[in-house]
2 protein chains.
Amino acid sequence: MKKHKSKAVPPPVRGKRGPRPRNSVTLKMVAREAGVSASTASRIINRTVNVSDELRLAVEAAIAKFNFRPNAAARGLALGKTQTIGVISQAIASPFYGEGMRGIEHRLQQSGYAPLFMSGNWQEKEEIRCMEELITRGVDGIILFTSALSDAALKAYARKVPIVVTGRLLKSKGLVSMQVDDRYGALVAMRHLLDLGHRRIAFVAGFENHPDANERLAGYRSALESAGIPYDPKLVVAGDFHEEGGMQAVYQLMDANIPFTAMFCINDETAYGACLALFRKGMRVPDDISVIGFDDLRSSTYRVPPLTSVRQSVQQVGECAAEAILQMVAGRRPQVSVPPIELVVRESTGRVAG
Amino acid sequence: MKKHKSKAVPPPVRGKRGPRPRNSVTLKMVAREAGVSASTASRIINRTVNVSDELRLAVEAAIAKFNFRPNAAARGLALGKTQTIGVISQAIASPFYGEGMRGIEHRLQQSGYAPLFMSGNWQEKEEIRCMEELITRGVDGIILFTSALSDAALKAYARKVPIVVTGRLLKSKGLVSMQVDDRYGALVAMRHLLDLGHRRIAFVAGFENHPDANERLAGYRSALESAGIPYDPKLVVAGDFHEEGGMQAVYQLMDANIPFTAMFCINDETAYGACLALFRKGMRVPDDISVIGFDDLRSSTYRVPPLTSVRQSVQQVGECAAEAILQMVAGRRPQVSVPPIELVVRESTGRVAG
DNA sequence: AGCATTCTTGAAACCGGTTGCAGAAGGCCG
DNA sequence: CGGCCTTCTGCAACCGGTTTCAAGAATGCT
């Protein structure tokens, strides 16, 4: 198996290229089958220019015959884009983020872009790893469905790739943010409880200094103020955005003998935990204590009793975020909109016990 | 800077290449900065061969200086692999699939492979679309976390890319399947209810002919048989694997005045729905009716009352699936293992009312 | 009919990496 | 001190598409 040799320009030596297992059908094969060049085939596939019907049909037949699908890596390399949107949420198994991802997936489906989901698990370091990974993979845009990164870090990344971030307000080149009106949502929740006659309303917050939590606390306070009820810091206890935090909050309040007739929980998961702890303490919801959540997760419909909640449609937030990033990668300035906030009254809230 | 010239082949015309916005730093730039060729830089990055410390340090410095990250598309094209595992589940927002994906994500994290999640929504057509998309994108392997595809279709795909599928038993080249022992799980659940003295036990099934559902039904029947209790088909009602189905099942049973003291639900979500419907009918769980689920979703811990369930650790199934696909892409034959089945007794089941 | 213009089409450059091959450099031995 | 072996390193082929450029064909116009 001897190869000849040339002086100035050695001719292409088509040696076997190592153990590279290629089996897929390539554009070139399709083109040969259809009797055209690869360029023409490419143009037909992408409708880049007009081509005679005859050739078009020949190529389409060849594509069908071989069941040809262009290699995404090659296309991505040539085009400099991957038709992929990176999506970083905090936990893939969480019902909250699940609904958001579902919204993103749904909106992206019809667009030819595919989502690439990763989870930051509320750790700044992990989130950075995700960002680097996504950028390496050449995603065309990134949605941060809530983020643990600093504003400055976000702005820096936004210079490399279009970014949409939810859960904060931040304006910068190549970056769009979407914030739901947490304060107003909290106001709506509180108004509902106040209308039912509650005066001693506990608030189960999130981690301290979490922006969402602060806004909702502000709404809590302003609602009390409007109703002429003095703010009692003893009624505000920290949580962790999860069931565990809701449970601890109830234990803490009851063990300290702080009286209350209703609880406003920072999110539905916290409310679930609160309900369970109340159950353990022998309190009935809503007869003894009313409980209201925030987010209106799908599962809240099926709690026993079904949970009253402030609805912000996480799924719709996801859809809006996807819509925005699509606008951005298309080079347009996106119209950001957020879904409306509404109160969903179910059976975990009732008139204060007379 | 004169280049040599050849006759037949016209010299490369380095024309401006249209409006292609490239901004990223390339291997070539790094190599030039470090004073080596691109090949050497590549070899250093991939540790393909030994290189003198001097050059290694120079290249590493250049990489750090430019914050260089190799372009994944180019690498994927050259290597013919993408370091990506496609994962198809049925619904990204479902707690069941969420836990599975979490397991997969967790196992893959430490391996250098990234998961690419897509959802089939229980539609064969959508699942095919996902498969095609994943293959186009050149994923190195695919995990089907349950699948609506036929065995034959699966085998066909397995010839193009390594596949791991959960929820069925199927052996073929390039394909590994993982099935949990549904029948045994059902047996465990039933034994628990029987031990508590229940004799009239309803079974809320899934869709008809769903393999999991059939296996669990078989377990249900065999448990009854061992206990010497005749099988009463009126106690078996169809569900849909969701809350809605659980609710309808309860209504159907009670409207038909079929007496029962316990319910075995095909999965936890169904059990949630059943609990709610029982609540609506004024029945208490577990005082009047005991309810047991299957899967032990995380949220079952926080139901009111906390749900007794058969645990198969969906997350661990995900981890095992990920482990298996990693073995396969590495060219090894995987050792498939599935997590053990165990009964988690909580508060939704109790002694039959005397 | 003759010339300008527009359409089609293919050859080859290019995207940014990896890698076979071979030449250069250094080490060891007789 | 020359020959043979290793070890490093660079050139250029390649992965599979897209796109520029230019040539050839077809059409339009006077």
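The chains referred to below are lettered A, B, ... by the order of the sequence lines, with proteins before strands, and numbering in each begins at 1. Excluded from the calculations below are hydrogen atoms, water molecules and symmetry mates; all remaining heavy atoms, backbone and side chain alike, are included.
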Write down the protein N/O and nucleotide N/O pairs, taken from nucleotides 23-28 of chain D, whose separation is under 3.5 Å; answer none if there are no such pairs.
none

I'd like to check the side chain to side chain donor-acceptor pair (under 3.5 Å) partners of [X]; sequence neighbours left out, ordered by chain and number.
X	value
S37(A)	S39(A), T40(A)
T166(A)	none
Q123(B)	none
T146(B)	Y97(B)

[atom1] of [X] versus [atom2] of [N]: gap in Å, rounded?
X	N	atom1	atom2	answer
M29(A)	dC15(D)	CE	C1'	15 Å
L77(A)	dC15(C)	CG	P	9 Å
K81(B)	dG17(C)	NZ	P	18 Å
K28(B)	dC11(D)	NZ	P	11 Å

Query - N/O (side chain, R75(A)) to phosphate O (OP1/OP2, dG16(D)) under 4.0 Å - result: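 Result: no.
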
Report task. Considering just the side-chain nitrogens and oxygens of N46(B), establish if one lies under 4.0 Å of OP1 or OP2 belonging to dT18(C). Result ->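 So the side-chain polar atoms of N46(B) do come within 4.0 Å of the phosphate oxygens OP1 or OP2 of dT18(C), strictly under.
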
Query - Residue pairs, two or more places apart or on separate chains, that pass salt bridge (charged side-chain N to carboxylate O under 4.0 Å, His left out) and touch residues 24-40 of chain A - result: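 Passing the test, one end in residues 24-40 of chain A: E33(A)-K65(A).
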
Report task. Would you mind listing every salt bridge (charged side-chain N to carboxylate O under 4.0 Å, His left out) that reaches into residues 141-157 of chain B, with sequence neighbours excluded? Result ->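 Every pair satisfying salt bridge (charged side-chain N to carboxylate O under 4.0 Å, His left out) with a residue in residues 141-157 of chain B: D151(B)-R168(B).
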
Requested in this report: Can you sort out the partners of E124(B) under salt bridge (Lys or Arg N to Asp or Glu O under 4.0 Å), two or more places apart, ordered by chain and number?
Outcome: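 Residues passing salt bridge (Lys or Arg N to Asp or Glu O under 4.0 Å) with E124(B): none at all.
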
Requested in this report: Verify, without hydrogens or angle tests, whether T136(A) (side chain) and E132(A) (backbone) share a donor-acceptor contact under 3.5 angstrom.
Outcome: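 Here the side-chain-to-backbone pair exists.
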
For nucleotides 7-9 of chain D, give me every protein contact, N/O to N/O, under 3.5 Å, one pair per line with atom names.
{"from": "dT9(D)", "atom 1": "OP1", "to": "S52(B)", "atom 2": "OG", "distance (Å)": "3.2"}
{"from": "dT9(D)", "atom 1": "OP2", "to": "S52(B)", "atom 2": "N", "distance (Å)": "3.4"}

Report task. Could you give me the CA-CA distance, side-chain angles and deciding distance for I135(A) and R69(B), then say whether side-chain contact (heavy atoms from CB on, under 4.5 Å) is met? Result -> CA-CA 9 Å; I135(A) 291 174; R69(B) 317 234 30 184; over 6 Å; no

Query raised in the report: What about S39(B): does its side chain form a donor-acceptor pair under 3.5 Å with the base of dC11(D)?
Result: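 Such a pair exists between side chain and base.
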
Query raised in the report: So, are R129(B) and E126(B) salt-bridged, with charged N and O less than 4.0 Å apart?
Result: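 Yes.
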
Query - Angle between terminal axes - the helix from dA1(C)-dT30(D) to dG30(C)-dC1(D), 5 pairs each end, rounded to 10° - result: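 So the angle between the two local helix axes works out to 50°.
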
**Report entry** Sub-4.0 Å heavy-atom contacts from residues 128-142 of chain A onto DNA chain D, ordered by number
**Finding:**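 Per residue number, the list is empty: none.
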
Requested in this report: Just grab all the side chain to side chain donor-acceptor pair (under 3.5 Å) pairs involving residues 326-336 of chain B, residues at least two apart or on different chains.
Outcome: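 Sorted pair list: E323(B)-Q327(B), Q327(B)-R332(B).
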
